[in-house]
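These notes are about the structure you will find just below.
Nothing fancy with the numbering, it's 1 onward along the sequence.
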Amino acid sequence: MFKEFKAFIARGNVLDLAVAVIIGAAFGKIVTSLTDDVIMPVIGKIFGGLDFSSYFVVLGKVPPALAGSSDYAALKKAGVPLLGYGTFITAAVNFVIVAFIIFLIVRAVNRLMPKAPEVVAEPVEPTDVTLLREIRDELKKRP
């Protein structure tokens, strides 16, 4: 199943991309809630923090009013340059979950859809062979 999932992700089919966008938008809130409220707290607990999205690195000067603050949203709102790798990891997990759900849906639909009958094209005879065959047939007709 994971090989099929890898092939699905790597395939550049426009229809699959359109399905991914539509289904991804439809499941966006559900997946965000699943990630933010269920998965990331467990991962955060494993790594020693309760809120994984609060992992960040301050890259600039912090205003005196927020000195010592570890509130990512407040620092970001104040315009402090931050490297929010926790938020990025959360977004990456969201993407993998959405992609996997889309993969499962497309896989199920592909199994339910009837397969188109394979059309076997008759081999096309080269024109020189056709001409030689006609010449041979004409020569056979002569006495």
Test side chain to side chain contact (heavy atoms under 4.5 Å, CB included) applied to Tyr55 and Ile89, step by step: CA-CA 10 Å; Tyr55 289 131; Ile89 291 171; over 6 Å; no
Least distance between heavy atoms, Leu82 atom then Lys76 atom: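 Taking Leu82 first and Lys76 second, the nearest heavy atoms are CD1-N, 3.7 Å.
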Can you hop from [X] to [Y] via hydrophobic side chains spaced under 4.5 Å?
{"X": "Val124", "Y": "Leu131", "answer": "no"}
{"X": "Phe95", "Y": "Ile22", "answer": "no"}
{"X": "Val38", "Y": "Phe100", "answer": "yes"}

Restricting to side-chain contact (heavy atoms from CB on, under 4.5 Å), what partner residues turn up for [X], sequence neighbours left out?
{"X": "Leu83", "value": "Val57, Leu59"}
{"X": "Pro126", "value": "Asp128, Val129"}
{"X": "Ala78", "value": "Pro63, Leu66, Val80"}

Considering only residues two or more places apart or on different chains, which pairs with a residue in residues 85-109 satisfy salt bridge (charged side-chain N to carboxylate O under 4.0 Å, His left out)?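 Residue pairs with at least one partner in residues 85-109: Glu4-Arg107.
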Could you state the interatomic distance from CD1 (Ile105) to CG (Asn110), rounded to the nearest 0.5 Å?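 If we round to the nearest 0.5 Å, Ile105:CD1 and Asn110:CG are 12.0 Å apart.
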What distance separates Lys140 NZ from Arg142 CZ, expressed to the nearest 0.5 Å?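 Interatomic distance, Lys140 NZ to Arg142 CZ, rounded to 0.5 Å: 14.5 Å.
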Can you list everything that forms a side chain to side chain donor-acceptor pair (under 3.5 Å) with Glu125? Sequence neighbours excluded, please.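 Expected list: Thr130, Arg133.
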Other ILVMFWY residues reachable from Ile135 by side-chain steps of under 4.5 Å: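 Cluster partners of Ile135: Leu139.
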